[in-house]
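Below is one structure, written out as structure tokens; the observations come after it.
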Amino acid sequence: MELDLGPEVAQFRAEIRDWIGGHAPAGLADLTDWNNVVTTGGYGSEQRAAAMRHPSYAEWEHELSDARLICPQWPAEFGGNGLDAVRVSVFNEELYRAGVPRVVRGMGESLVGPSVIVHGTPEQQAYFLPRIISGEDVYCQGFSEPGTGSDLAGLQTKGEVDGDEVVITGQKLWTSGAARANKMFVLCRTDPAAEKHAGISYVLIDFTDPRVSYRPVRQLTGAAEFCEDFLDGVRAPLFNVIGGLGNGWRVAMTTLGYERGGSASVQHLAYEREFWALTETARKRGVAADARIRQQLAWAYTQVEIMRFAGLRALAGLAQGRRPGPEASINKLFWSEYHKRLGEIAMSIEGSDALIRPPGDGYPTTGWQNAFLASRAGSIYSGTNEIQRNIIAERALGLPKEPRVPA
Amino acid sequence: MELDLGPEVAQFRAEIRDWIGGHAPAGLADLTDWNNVVTTGGYGSEQRAAAMRHPSYAEWEHELSDARLICPQWPAEFGGNGLDAVRVSVFNEELYRAGVPRVVRGMGESLVGPSVIVHGTPEQQAYFLPRIISGEDVYCQGFSEPGTGSDLAGLQTKGEVDGDEVVITGQKLWTSGAARANKMFVLCRTDPAAEKHAGISYVLIDFTDPRVSYRPVRQLTGAAEFCEDFLDGVRAPLFNVIGGLGNGWRVAMTTLGYERGGSASVQHLAYEREFWALTETARKRGVAADARIRQQLAWAYTQVEIMRFAGLRALAGLAQGRRPGPEASINKLFWSEYHKRLGEIAMSIEGSDALIRPPGDGYPTTGWQNAFLASRAGSIYSGTNEIQRNIIAERALGLPKEPRVPA
Amino acid sequence: MILGITAEQEELRAAVRRFLADRAPISAVRTLMDTSDGLDPAVWRQAGAQLGLQGIAIPEEYGGAGFSFAEQAIVLEELGAALYGGPYLASAVLAATALLASGDEAARMAYLPSIASGELIGTLAFTEEDGSWDIDATRMTAVADGHGWRLDGRKSFVLDGHTAGLILAIARTGDGLSLFAVPADATGLTRTALPTLDQTRKLARLEFASVPATLVGAVGAGSAVLARVLDVAAIAQAAEQLGGAQRALDMAVEYAKVRHQFGRPIGSFQAIKHRCADLLLEVESLRSAVQYAAAAVAENSDEIPVVAALVKAYASDVYFHVAAENIQIHGGIGFTWEHDAHLYFKRAKASELFLGDASYHREHLATRIGL
Amino acid sequence: MILGITAEQEELRAAVRRFLADRAPISAVRTLMDTSDGLDPAVWRQAGAQLGLQGIAIPEEYGGAGFSFAEQAIVLEELGAALYGGPYLASAVLAATALLASGDEAARMAYLPSIASGELIGTLAFTEEDGSWDIDATRMTAVADGHGWRLDGRKSFVLDGHTAGLILAIARTGDGLSLFAVPADATGLTRTALPTLDQTRKLARLEFASVPATLVGAVGAGSAVLARVLDVAAIAQAAEQLGGAQRALDMAVEYAKVRHQFGRPIGSFQAIKHRCADLLLEVESLRSAVQYAAAAVAENSDEIPVVAALVKAYASDVYFHVAAENIQIHGGIGFTWEHDAHLYFKRAKASELFLGDASYHREHLATRIGL
């Protein structure tokens with residue numbers, strides 16, 4: 001069943017479908033399962049990379065750029081198209097239908113841009129935003145540190161103001177996309193005397209600076225999608241401090257609020273495809289008639305469908321003008337717990353064969369082995385599920401916070 | 001397989017088996033599934049009551065009394081037999097083997113007696129202990145209050161010292177066996193100015209006092225096994241304060257330490273019987289071949305067997321002189337969570353028939369319905385499972401306590 | 001497909017909630033649960049005449065309000081939240097859906113207007129004494145005599161079977177299963193109220209000894225009608241379960257905020273707090289599923305068989321989980337008869353078992369998605 | 001039955017633990033897991049010659065130390081805790097048990113002394129390419145020629161099959177399954193190391209092309225021998241799983257005490273604390289079950305088949321649960337290759353799947369208790 005979002009959205013859908021039909025290079029279609037990257041963290045980046053290597057990609061990028069459909073959710077005054085979340089979803093759906101990738105600007109689009117739009121000065125907006133849209137500036141995130149996992153505000157990276165510059169020294173962790181980035185948005189402590197959440201500043205730095213070094217951190221999957229970064233006196237002009245010195249926590253929180261959105265109605269697609277692949281595996285292995293396996297697959301199907309239903313409901317709510325509630329945290333909890341279980345079901349279905357990896361150097365794995373292993377990260381990164389449960393309990397249910405411990 | 005507990009215990013077993021064989025009235029055997037009462041809270045009290053109504057019961061009580069086998073774990077100087085936990089277990093096993101009930105003195109035996117033995121004066125010991133052994137004094141517990149569930153030390157019942165008496169006023173809750181009791185052991189606050197855990201006293205009161213009233217609290221099972229008690233200026237001589245004024249918390253904690261013990265190797269028996277009854281039900285309903293039901297029954301069997309294994313291991317540890325560790329909390333968590341799940345499995349097996357109760361006034365239930373409903377209490381009473389998890393984490397694993405909140 | 005809740009639907013929800021709080025509060029539920037029919041006729045009539053609840057999803061040509069199942073799902077949710085014990089599911093869902101699905105215009109005209117108004121209580125008798133919810137489990141026979149049909153056999157677990165004025169029964173003919181209408185006072189029909197685990201929901205056993213009956217729809221069309229009714233009933237039941245689950249969660253959260261232990265509200269302890277968060281996730285997920293399933297019925301989508309099995313399985317798990325945790329979070333007081341937690345707990349278990357449990361529906365779901 | 005741990009057993013445990021910490025620490029495990037045979041021969045020889053670990057449960061008349069399986073279970077537990085990757089389970093359990101169960105005195109005398117000393121590594125090849133752990137799944141054939149027997153077919157998932165000097169293989173003869181001995185250098189035998197999910201545990205595929213083999217025990221006695229070996233192996237595997245689970249829990253608890261977030265050790269948050277308590281319950285329960293099961297083997301009790309299925313199912317669930325939670329409690333660092341948490345996680349999953357998973361063994365258990 002297709003969602004009825006009212007005549008205006010229907011008209012938008014018709015127009016954007018027309019536009020895509022008229023402009024998308026045929027050769028790009030089906031090259032990329034682009035929506036994989038929305039939630040499953042890293043898994044899918046190879047498909048995206050493949051699409052980006054395609055000769056038609058640049059042409060498609062150009063078309064989208066001309067139509068202001070890169071960062072299309074940004075307000076028109078900042079180079080976007082001012083699409084609301086409903087229209088972004090429709091845009092995503094129509095791209096998916098046409099089988100072409102959305103051209104995204106990663107964390108520049110989803111995190112840095114919104115921060116600059118909300119907290120930046122006109123001069124900062126004029127300088128930083130066009131470079132994100134054009135793809136000139138590619139950002140990676142410098143928030144987490146070895147000592148700060150869930151407790152982000154406990155960060156230790158120093159930012160010393162020296163004249164009209166900030167000099168940043170410290171260690172960051174869990175940076176994805178470091179190799180592709182030329183910029184990093186960093187949280188650092190510019191006022192060590194201030195209260196924990198105060199005294200933090202949000203700074204954009206040059207990631208190609210010689211005082212930046214990084215090394216990949218290998219994960220249990222065998223891949224190394226994250227990096228550990230060493231900032232050794234990196235200098236950035238005060239111009240690059242967003243929201244002013246000491247205001248970084250607020251800027252970062254605004255940012256995080258924008259981290260997920262517009263993907264509601266396409267998020268389930270990758271899981272759906274994965275589910276059917278697993279049923280196919282079960283059939284091939286002759287266990288699709290086993291009552292125990294059937295129960296588990298029916299359970300998994302239910303979870304995937306609920307993602308679809310929840311996405312449609314969220315979208316309908318947005319179309320009716322509802323402000324999003326705790327959906328982001330619930331959604332994160334839901335898919336990450338689901339995917340761990342799915343990985344386990346896949347191992348059950350694979351049985352003894354799951355014991356054996358494909359040959360090759362390093363630690364190559366089968367798709368199911370990788371899903372099983374990679375899924376364990378879902379409940380850890382981007383706010384552990386323990387933190388998500390706190391957020392849900394406090395914000396959606398109004399349960400009291402953990403009492404503050406006297407320091 | 002039978003546990004080898006060494007030659008001394010083997011000799012004790014042979015002797016006690018002989019003695020039971022020579023003294024147990026034949027008519028009592030198989031009348032009572034006496035070990036049911038050990039853990040499953042109330043369920044089984046009818047069987048015990050049936051045994052107590054039997055004409056041979058008094059004769060058996062007399063025999064046990066002569067042999068100092070009532071409260072046999074109490075030291076000989078206090079009228080017991082000084083049996084250690086291993087020998088109590090063996091005693092229980094041999095009674096079970098012979099099919100005769102152990103004559104127990106309820107909370108007088110398991111809670112009050114040990115308190116008086118550890119904390120009482122010689123005069124108090126001489127006065128209170130023989131009355132428990134003889135059955136003259138039957139105690140019920142006055143600890144919990146409406147405002148204190150897990151947080152027992154938050155109790156509000158007042159005990160005002162007036163000359164050589166304590167005058168007790170307050171409300172108690174969750175008293176089992178109130179109708180059979182003539183005494184109550186009460187925690188009350190004799191010093192309201194003292195710190196929370198201080199200022200509490202442990203007092204033995206006359207439960208037949210006209211200033212005591214109580215009413216049954218009906219449970220969701222339809223039965224009313226617990227009472228709510230109103231103490232309205234009940235007077236007790238200071239002689240009845242155990243451990244001295246303001247020392248009640250320590251006395252109560254000692255008591256609770258004795259609450260479980262000696263039942264390690266017989267505890268599983270009731271669950272075992274219940275398990276086989278459920279498999280029989282599954283067979284009759286034709287679902288014993290259903291792979292889903294088989295998985296659940298195999299799981300349940302595993303849990304019951306683990307109770308047996310854990311009991312044997314605990315007993316072997318005691319025989320080797322090990323001090324008990326966190327077994328009591330683990331055991332409580334284990335059987336209560338197991339039994340909830342077992343109740344649910346029983347409902348699955350009963351299927352539609354579980355929707356229908358037997359006819360009759362009140363809320364009569366089938367055995368499986370009762371198991372299903374009654375099982376929900378197991379994770380609440382006698383220290384909620386949340387509290388048990390705290391105890392296990394702190395005492396067995398050494399994890400830090402919840403930080404104290406500034407009041 | 002319309003999803004999400006419109007302003008009109010919010011008004012409907014508020015009106016139903018007010019009505020139930022006023023006329024069928026939990027005190028009334030407790031009084032009625034001790035009676036054999038569990039029904040306050042005045043409240044039932046008022047629900048029909050004043051609010052039009054029984055006929056909300058019945059087309060206007062049959063005397064209903066002509067709203068869609070999306071609206072009826074909201075009514076069901078509120079009834080579930082209030083543990084309403086009257087024969088709504090039996091009459092306004094089972095019987096009404098069976099009549100609509102039968103394609104029998106005469107039967108529709110004969111019964112639906114009075115079902116819609118609440119004057120007539122209908123039910124559907126399909127389960128028999130073996131307790132199977134399978135369509136093929138029917139053994140009751142229907143034999144044509146000169147004038148019409150005669151039913152012989154037994155039905156059990158019939159929702160409000162002893163209270164209904166009209167019993168629609170599934171019986172086996174030489175040409176397959178067929179649907180029949182039997183008035184409550186038919187000769188040869190014996191009705192026995194059954195004591196229920198969930199006292200707020202009434203069931204009956206019906207014995208048919210050569211009971212005269214009227215065929216509804218075509219001979220042999222009963223399987224298709226029953227399949228449709230069971231799917232819609234599963235979704236309706238899930239809507240009720242959602243309402244109950246939401247209410248039980250609200251109770252638990254409310255208590256966790258006010259109950260203090262160790263100088264803190266117990267809801268500030270993660271053991272309680274995180275559990276409530278998980279329950280909210282489940283209830284919100286169930287809400288999404290119920291809204292979608294209701295929309296599927298409203299649109300008569302071909303997804304109905306799949307989402308029916310899916311949502312009934314999920315709702316059964318979620319409601320039971322929430323209702324059980326509600327007792328645990330309340331502690332001792334939650335285990336008492338006086339507290340309402342057990343009423344939700346028993347309704348949760350009973351609605352899980354009614355129409356087949358979660359495992360049963362997951363097996364159906366597996367089959368229906370082609371496994 | 002002797003239960004509980006004696007002082008001698010505690011000494012044994014301490015000695016094995018010291019030995020492993022010294023000679024097979026996790027750094028060595030990591031080095032060896034990147035090799036194809038996963039074996040440091042010097043450590044292996046020392047374990048045999050100095051500590052007598054390989055022969056601990058082998059009777060003295062066959063060159064063993066003549067202790068019981070209760071002692072061997074302790075060794076296995078420590079090996080599991082250390083993620084020791086050598087062929088202990090293959091040689092000292094699978095091969096030794098098969099030889100003992102075969103009743104073939106000549107074969108016992110021929111192989112057990114060198115297995116006991118560690119000079120010979122044996123293994124048992126029974127699983128084939130379909131990955132089934134059922135006794136009846138064997139398709140490899142053994143045909144008698146003039147001089148002896150010839151084996152044809154394939155084995156897979158053979159534990160240390162490429163490292164072993166002696167392969168005991170189950171093959172189908174006209175008179176049923178039988179056990180055969182094949183030296184590693186036999187003509188026609190091709191051995192291929194397989195890359196494993198759990199790199200600390202090595203598996204191989206073996207191809208037999210008319211390989212000459214010696215019959216061990218009676219023709220047709222292979223089913224009984226294999227049944228016995230599989231039960232003992234399940235219990236041995238469970239003992240290893242216990243060791244791994246205990247170590248993973250220790251890691252999690254230790255980290256929860258030292259890792260601070262929000263100004264507190266994370267182990268003071270109930271979300272972590274209660275989870276650790278639940279894990280301890282599981283590990284302690286598993287310990288009780290493993291001790292009982294080991295005693296059953298030591299006494300050759302008729303409870304073996306039941307407790308083997310029971311303990312393997314339970315151990316598989318528990319170890320995986322603990323190993324998975326260990327990663328979660330460690331957070332990001334627990335997801336890295338450098339941290340050891342993943343080694344336990346992979347071993348947990350691999351030992352769950354090896355010999356059949358929990359569901360498989362619960363089904364066996366159901367059958368064995370007469371369901």
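Chain letters run A, B, ... following the sequence lines, proteins first, then strands; residues in each count from 1.
Looking at A/Ile293, neither its backbone nor its side chain comes within 4.5 Å of chain D, counting heavy atoms on both sides. Heavy atoms closer than 4.5 Å to chain A are found in the side chain of D/Arg275, but not in its backbone. Within the 4.5 angstrom heavy-atom criterion, only side-chain atoms of D/Gln199, from C-beta onward, approach chain A. When heavy atoms are compared at a cutoff of 4.5 Å, D/Phe269 approaches chain A solely by way of its side chain, counted from C-beta outward. The contact between D/Phe157 and chain A is made entirely by side chain atoms (from C-beta outward), counting heavy-atom distances below 4.5 Å. The contact between A/Pro358 and chain D is made entirely by backbone atoms, counting heavy-atom distances below 4.5 Å.
Ranked by heavy-atom pairs shorter than 4.5 Å toward chain A, the options D/Ala271, D/Ala324, D/Gly356 are led by D/Ala324. Ranked by heavy-atom pairs shorter than 4.5 Å toward chain A, the options D/Ala358, D/Gly332, D/Gly131 are led by D/Gly332. By number of non-hydrogen pairs under 4.5 angstrom with chain D, the leading residue of A/Gly351, A/Ser150, A/Gly154, A/Ser144 is A/Ser150. Most heavy-atom pairs under 4.5 Å with chain D, from the set A/Lys340, A/Glu344, A/Lys196, A/Arg389: that is A/Glu344.
For the pair D/Trp133 and A/Ser352, the tightest heavy-atom approach, listed with the atom from each and the gap, is NE1-OG, 2.9 Å. Closest approach of D/Ile333 and A/Trp174 over heavy atoms only: N-CZ2, 3.5 Å. Summarising the geometry of D/Arg259 relative to A/Thr148, their closest heavy-atom pair is NH2-C, 3.8 Å, with the distance given to 0.1 Å. Counting all heavy atoms, side chain and backbone alike, D/Gly263 lies closest to A/Asp151 at N-OD2, 4.3 Å. In plain terms, the two heavy atoms of D/Leu353 and A/Met347 that are nearest each other are CD2-O, 3.9 Å. Residue A/Asn385 comes nearest to D/Gln328 through the heavy atom pair N-NE2, 4.3 Å, listed as atom of the first residue, atom of the second, then distance.
By the neighbour-count criterion of 12 heavy atoms within 6.0 Å, atom CD of D/Glu129 is densely surrounded, having more than that number from other residues, nucleotides or ligands. Around CZ of D/Arg139, the count of heavy atoms belonging to other residues, nucleotides or ligands within 6.0 Å does not exceed 12. No more than 12 heavy atoms of other residues, nucleotides or ligands shown are found within 6.0 angstrom of NZ on A/Lys158. Counting heavy-atom neighbours within 6.0 Å of A/Arg395 CZ, excluding the residue itself, gives a total of 12 or less. Dense packing is recorded around CZ of A/Arg292, with more than 12 heavy atoms of other residues, nucleotides or ligands lying under 6.0 Å away.
For the atom pair CD1 (D/Ile272) and OG1 (A/Thr384), the distance works out to 7.5 Å, reported to the nearest 0.5 Å. Atom CZ of residue D/Phe335 and atom CZ of residue A/Phe226 lie 7.5 Å apart, to the nearest 0.5 angstrom. Interatomic distance, CG of A/Asp353 versus CG of D/Leu197, reported as 12.0 Å (0.5 Å rounding). Between the CD1 atom in A/Ile380 and the CD1 atom in D/Ile329 there is a gap of 10.5 Å [rounded to 0.5 Å]. Between atom OG1 of residue D/Thr336 and atom CZ of residue A/Arg218 there is a gap of 11.0 Å, rounded to the nearest 0.5 Å.
A perpendicular orientation is assigned to the rings of A/Tyr363 and D/Trp337, their planes being inclined by more than 60° (bins at 30° and 60°).
Under 4.0 Å is where a charged nitrogen must lie from a carboxylate oxygen, and between A/Glu350 and D/Lys349 no such pair does.
Remark: the backbone N or O of A/Gly147 is paired with a side-chain donor or acceptor of D/Gln261 at under 3.5 angstrom. With hydrogens and angles disregarded, no donor-acceptor distance shorter than 3.5 Å links the side chain of A/Arg376 to the backbone of D/Ile327.
The cationic group of A/Lys401 does not satisfy the cation-pi geometry with D/Phe262, failing either the under 6.0 Å distance to the six-membered ring centre or the 45° limit from the ring axis.
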Take D/Phe345 and A/Leu373, measure what side-chain contact (heavy atoms from CB on, under 4.5 Å) needs, and give me the verdict at the end. CA-CA 9 Å; D/Phe345 180 72; A/Leu373 294 170; 3.9 Å; yes
